[in-house]
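To keep things clear, I will list the structure first and then write my remarks on it.
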Amino acid sequence: MTKTADDLTLKFLVNAVLPQLLRAYDGDPGPVIKKANEARVIRNNVVHSRSEPTLEQTNLVLSSVRTVLSIFELPDSFKGNFKLRSPPP
């Protein structure tokens, strides 16, 4: 079944799209995906249950976003273990 634009939920983006994007990089994607899922749950609680996030939750969400952006945007020297893989010969 093909996903349409209406099917692109945050859950799908975090658990299906993000792992595929991270496959292009060296590094263990597990902790990044776990952190993104924790941020997703916090976001859902804020949006759907109108809960107010704690300072710790806010920091976790911001840290998650910062981590994903740094992997995709920063020069390799700042990416830690996440370096773009060399294309196969």
Side-chain angles (χ1 to χ4, degrees):
M1 184 170 138
T2 304
K3 291 279 183 187
T4 66
D6 293 333
D7 294 329
L8 295 180
T9 63
L10 187 55
K11 184 175 183 179
F12 176 76
L13 293 174
V14 167
N15 293 301
V17 176
L18 182 59
Q20 292 301 315
L21 292 172
L22 290 174
R23 287 180 65 193
Y25 295 84
D26 289 326
D28 181 8
V32 176
I33 295 165
K34 181 180 178 190
K35 198 172 184 182
N37 266 308
E38 290 171 3
R40 179 183 62 79
V41 169
I42 293 166
R43 177 258 179 210
N44 286 346
N45 288 337
V46 169
V47 172
H48 300 294
S49 300
R50 296 185 178 195
S51 69
E52 189 166 325
T54 64
L55 180 59
E56 182 179 315
Q57 289 173 321
T58 302
N59 285 332
L60 186 142
V61 171
L62 293 174
S63 175
S64 299
V65 171
R66 189 179 315 115
T67 298
V68 171
L69 289 176
S70 70
I71 291 169
F72 296 128
E73 291 184 342
L74 293 177
D76 279 349
S77 59
F78 296 104
K79 291 183 182 181
N81 293 329
F82 282 88
K83 307 279 191 247
L84 191 57
R85 292 182 189 210
S86 302

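These numbers come from the heavy atoms of this one structure, side chains and all, not from hydrogens, waters or symmetry mates. Numbers for residues simply follow the sequence, beginning at 1.
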Output side-chain donor-acceptor pairs under 3.5 Å for residues 54-66, partner residues at least two apart or in another chain, one line each.
{"unit_1": "Thr54", "atom_1": "OG1", "unit_2": "Glu56", "atom_2": "N", "d": "3.4"}
{"unit_1": "Thr54", "atom_1": "OG1", "unit_2": "Gln57", "atom_2": "N", "d": "3.0"}
{"unit_1": "Gln57", "atom_1": "OE1", "unit_2": "Thr54", "atom_2": "N", "d": "2.8"}
{"unit_1": "Thr58", "atom_1": "OG1", "unit_2": "Thr54", "atom_2": "O", "d": "3.0"}
{"unit_1": "Asn59", "atom_1": "ND2", "unit_2": "Leu55", "atom_2": "O", "d": "3.4"}
{"unit_1": "Ser63", "atom_1": "OG", "unit_2": "Lys35", "atom_2": "NZ", "d": "2.5"}
{"unit_1": "Ser64", "atom_1": "OG", "unit_2": "Lys35", "atom_2": "O", "d": "3.2"}
{"unit_1": "Ser64", "atom_1": "OG", "unit_2": "Leu60", "atom_2": "O", "d": "2.8"}

Got a list of side-chain donor-acceptor pairs under 3.5 Å for residues 38-47, not counting sequence neighbours?
{"unit_1": "Arg40", "atom_1": "NE", "unit_2": "Asn37", "atom_2": "OD1", "d": "2.9"}
{"unit_1": "Arg40", "atom_1": "NH2", "unit_2": "Asn37", "atom_2": "OD1", "d": "3.1"}
{"unit_1": "Asn45", "atom_1": "ND2", "unit_2": "Val41", "atom_2": "O", "d": "3.4"}

Write down the atom of Tyr25, the atom of Ile71, and the distance for their closest heavy-atom approach. CE2-O, 3.7 Å
Would you say Leu22 and Ile33 make side-chain contact, with heavy atoms under 4.5 Å? yes
What's the separation between atom CG in Leu18 and atom CG in Leu13, rounded to the nearest 0.5 Å? 9.0 Å
